[in-house]
Amino acid sequence: MDNKVVTCVLLMLVVALASVASGQGPNKEELKLKLPKPMFIGTPTNIKSANLEVITGKPRGPFFVPVGTKLLSLKRPVKSSDMQPVIGELEMVTDGEKEGGDGYFIELGPGKQWVQIDLGSSYALHAILAWHYHNQARVYRDVIVQVSDDKDFLRGVATVFNNDHDNSSGLGVGRDKEYVEVAEGRLFDPKGAKGRYVRLSSNGNTSNDLNHYVEVEVYGTPVK
Ligand SMILES: [Ca+2]
Ligand SMILES: [Ca+2]
């Protein structure tokens, strides 16, 4: 091969590797999201966390999912460890409204609480997004995201995310980092985990010991 051909082959290899690294592929497409408007700007300074990720302040960037991935959670039924929220109704977790202001979030009681979405049948899941609260910079404690075909989460449970580094919620030590809530929400990657139910746990936040949800979105494809 002459030098031009070698250069060309190397360039193609670099492009191919770069697309693999960013999650792109022949059967993937960018996940399109409708994001609410930000309620605050700047880097928060009053957050105390022993396990906080590095805050970059940058947007998330594109996320790639298998072609045909759909939003599965819209208007699906929601259950909770606190069936009578202090503020709001459980159905607001999947009503598609994600704005940060008053009237858009539900408030669950103090300490450990969870919400659970029933997708109606089992799917291969490719993205789960959660907006706990984005009216103000906060960190929610012990954020744990799990997927199962068991509505009671007793067996066949896949843990997608767990930032409970000291196991204070008792679901196992998590290796993930705490993060500050922002308007773009948090994207958890289930990596194709299969399940009908998605359960999200938390254990208070840096402003109070209550738990909040503006919206949860679950994306996936039918199980083949
Ligand atoms: Ca909502
Ligand atoms: Ca903890």
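Basis for what follows: all heavy atoms, side chains included, without hydrogens, waters or symmetry-related copies. Everything numeric in this text was worked out from a predicted model, so none of it was measured.
The environment of Tyr104 atom OH is sparse: at most 12 non-hydrogen atoms of other residues, nucleotides or ligands sit within 6.0 angstrom. A 6.0 Å sphere centred on CD of Glu89 holds no more than 12 heavy atoms belonging to other residues, nucleotides or ligands. Taking a 6.0 Å sphere around CZ of Arg60, one finds it holds more than 12 heavy atoms contributed by other residues, nucleotides or ligands. For Lys194, the NZ atom sits in a loose shell: 12 or fewer heavy atoms of surrounding residues, nucleotides or ligands are nearer than 6.0 Å.
Val78 has its side chain out of reach of Glu91: every pair of non-hydrogen atoms, C-beta onward, lies at least 4.5 Å apart. Side-chain contact check for Arg155 versus Asp149: every heavy-atom pair is 4.5 Å or farther apart. The side-chain heavy atoms of Phe161 and Leu187, taken from C-beta on, include no pair separated by under 4.5 Å. Contact annotation: the side chain of Ile144 never approaches that of Trp114 to less than 4.5 Å [non-hydrogen atoms, C-beta and beyond]. Proximity of Pro66 to Asn27: side-chain heavy atoms (C-beta onward) are nowhere separated by under 4.5 Å. Looking at heavy atoms from C-beta onward, Thr159 lies in side-chain contact with Gln146 at the 4.5 angstrom threshold. Residues Met39 and Gln136 have side chains not in contact (no heavy-atom distance under 4.5 Å, counting atoms from C-beta outward). A 4.5 Å side-chain heavy-atom check between Asp164 and Asn51 finds every atom pair outside the cut-off.
Of the possible polar contacts, none joining the Asp82 side chain to the Leu108 backbone as a donor-acceptor pair under 3.5 Å is found. Put simply, the side chain of Asp118 never gets that close to the backbone of Arg76: no donor and acceptor are under 3.5 Å apart. Under the 3.5 Å distance criterion, the side-chain polar atoms of Tyr213 are matched with a main-chain donor or acceptor of Leu200. Of the possible donor and acceptor atoms, one in the side chain of Asn208 sits under 3.5 Å from a partner among the backbone N and O of Leu210. When atom types are taken as modelled, the side chain of Asn167 and the backbone of Leu171 share a donor-acceptor pair closer than 3.5 angstrom. The closest donor-acceptor contact from the side chain of Ser148 to the backbone of Asp150 lies under 3.5 Å. The backbone N or O of Asn162 lies less than 3.5 Å from a partner atom in the side chain of Asp176, making a donor-acceptor pair. Of the possible polar contacts, one joining the Asn163 side chain to the Lys177 backbone as a donor-acceptor pair under 3.5 Å is found.
Of all the heavy atoms in His134 and Val214, the pair that sits closest is CD2-CG2, 4.4 Å.
A continuous path of hydrophobic side-chain contacts links Leu71 to Val218 [ILVMFWY only; heavy atoms under 4.5 Å]. Both Leu74 and Leu35 sit in one connected hydrophobic cluster of ILVMFWY residues. Membership requires side-chain heavy atoms under 4.5 Å apart, directly or through other members.
Using modelled atom types and a 3.5 Å distance limit, the side chains of Glu217 and Ser73 yield no donor-acceptor pair. Side-chain polar atoms of Asp166 and Ser168 form a donor-acceptor pair below 3.5 angstrom. A donor atom on one side chain and an acceptor atom on the other are found under 3.5 Å apart for Ser207 and Arg138.
Rounding to the nearest 0.5 Å gives a distance of 12.5 Å between CG of Asn211 and CZ of Phe105.
Under the 4.0 Å criterion applied to side-chain N and carboxylate O atoms, Glu181 and Arg186 are not assigned as salt-bridge partners.
When the options Ser169, Ser81, Ser202 are evaluated for a side-chain contact (heavy atoms from CB on, under 4.5 Å) with Lys112, the one that passes is Ser169.
Aromatic ring pairs are classed by plane angle as parallel below 30°, tilted from 30° to 60° and perpendicular above 60°; the pair Tyr197 and Phe153 is perpendicular. Taking the six-membered ring where the residue is Trp, His212 and Tyr133 present tilted rings, their angle falling between 30° and 60°.
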